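These notes concern the structure reproduced below.
Positions are given from 1, in the same order as the sequence printed here. In this text the structure is predicted, and so the values were computed from the model without any measurement.
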Amino acid sequence: TDDTADIAMEMIIGIPRRVREGVAMVRRGEWTGWTPTALLGRKLAGKVLGIVGMGRIGQAVAHRARAFGLEIAYHNRKPLPEAIERMLGARHVSDLDDLVRQADILSLHCPATAETHHLMDARRFALMQPGACLINTARGELVDQEAMIAALASGQLSGAGLDVYP
């Protein structure tokens, strides 16, 4: 649980803040030194982190994300008990499409089932805010890879620092 939540959090921080791009610049010998706005990326505070699947890992991610000022919204088969929602500072969104529309960063933490196969397809990618980020530390089958590549290529989905998206 903790290891997966840590990896998810690394991506939640690293993609909007363009960390991978900075590392790549250093490796290519293109780093010219610090400047106030170089690779600044987007701030996290005030952004909506949408969590799909609020089991152990989803809750661990929500716990970590609060420290960065992210607003936590989640979709789960059943809402969490009110006391846990309060502790995590999370609000339940009953309709997955509504969560996808709201999220600046969408993090997947649900099992691979017939119902979740290609949960993120072309239709759902089109619902996302332009430049939103998708984090999947669950199973690959949750994401339609061709639809994701198209969303990255169009700029609908942010792939800051990913090799498939310059």
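Between the Asn76 side chain and the Pro79 main chain, no donor and acceptor come within less than 3.5 Å of each other. Without hydrogens or angle criteria, His75 side chain to Ser94 main chain gives a donor-acceptor distance under 3.5 Å. The backbone N or O of Gly58 lies less than 3.5 Å from no partner atom in the side chain of Tyr74, so there is not a single donor-acceptor pair.
Counting only heavy atoms from C-beta outward, the side chains of Leu157 and Cys133 never approach each other to under 4.5 Å. Contact annotation: the side chain of Leu142 approaches that of Cys110 to within less than 4.5 Å [non-hydrogen atoms, C-beta and beyond]. Side chains of Ile135 and Thr137 form a contact here, defined as non-hydrogen atoms less than 4.5 Å apart. Between Ile51 and Ile72, some side-chain heavy-atom pair lies under the 4.5 Å cut-off.
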Could you go through the side-chain contact (heavy atoms from CB on, under 4.5 Å) check for Leu119 and Leu96 one step at a time? CA-CA 10 Å; Leu119 181 80; Leu96 178 57; 3.4 Å; yes
Would you sort out whether Arg123 and Asp97 count as a salt bridge (Lys or Arg N to Asp or Glu O under 4.0 Å), showing the intermediate values? CA-CA 10 Å; Arg123 184 186 70 78; Asp97 288 349; 3.0 Å; yes
Apply side-chain contact (heavy atoms from CB on, under 4.5 Å) to the pair Leu70 and Asp104, showing each step before the final yes or no. CA-CA 10 Å; Leu70 287 159; Asp104 296 293; over 6 Å; no
Take Leu108 and Met120 through the test side-chain contact (heavy atoms from CB on, under 4.5 Å) and record every step on the way to the result. CA-CA 9 Å; Leu108 306 180; Met120 292 304 298; 4.0 Å; yes
Start with the C-alpha distance between Arg91 and Val93, add both sets of side-chain angles, then the distance that settles side-chain contact (heavy atoms from CB on, under 4.5 Å), and finish with yes or no. CA-CA 7 Å; Arg91 63 180 168 82; Val93 178; 3.4 Å; yes
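For Arg28, the CZ atom is densely surrounded, since the number of other residues' heavy atoms within 6.0 Å is greater than 12. Annotation: Glu30, atom CD; neighbour count of heavy atoms from other residues, nucleotides and ligands within 6.0 Å is above 12.
Among residue pairs with one or both ends in residues 95-127, none qualify as ring-ring contact (aromatic ring centres under 6.0 Å, His included); sequence neighbours excluded.
Of the candidates Leu134, Ile15, Leu49, Val48, Leu49 is the only one forming a side chain to side chain contact (heavy atoms under 4.5 Å, CB included) with Ile105.
The two residues Trp34 and Trp31 come nearest to each other via the heavy atoms N-CZ2, 3.8 Å. In terms of heavy-atom proximity, Glu85 sits nearest to His92 at OE2-CB, 3.4 Å. In this structure, Arg139 and Asn136 approach most closely via the heavy-atom pair O-ND2, 2.9 Å. The two residues Gln102 and Ala73 make their nearest non-hydrogen contact at OE1-CB, 4.4 Å. Nearest heavy-atom pair across Leu99 and Gly50 is CD1-CA, 3.7 Å. Between Gly131 and Arg42 the shortest heavy-atom distance is O-NH1, 2.8 Å.
To the nearest 0.5 Å, atom CZ of residue Arg124 and atom CE of residue Met128 are 11.0 Å apart. Taking CG from Leu127 and CZ from Arg101, the interatomic distance works out to 5.0 Å, rounded to the nearest 0.5 Å. How far NE2 of His63 is from CD1 of Ile84: 13.0 Å, rounded to the nearest 0.5 Å. Atom CD of Glu141 sits about 10.0 Å away from atom OG1 of Thr113, to the nearest 0.5 Å. One finds the CG atom of Leu106 at 10.5 Å from the CD atom of Gln129 (value rounded to the nearest 0.5 Å). In this structure, OG1 in Thr1 is found 5.0 Å from CD1 in Ile57, a value given to the nearest 0.5 Å.
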Side-chain donor/acceptor pairs under 3.5 Å, residues 4-13, sequence neighbours excluded:
| unit_1 | atom_1 | unit_2 | atom_2 | d |
| --- | --- | --- | --- | --- |
| Asp6 | OD1 | Arg64 | NE | 2.7 |
| Asp6 | OD1 | Arg64 | NH2 | 3.1 |

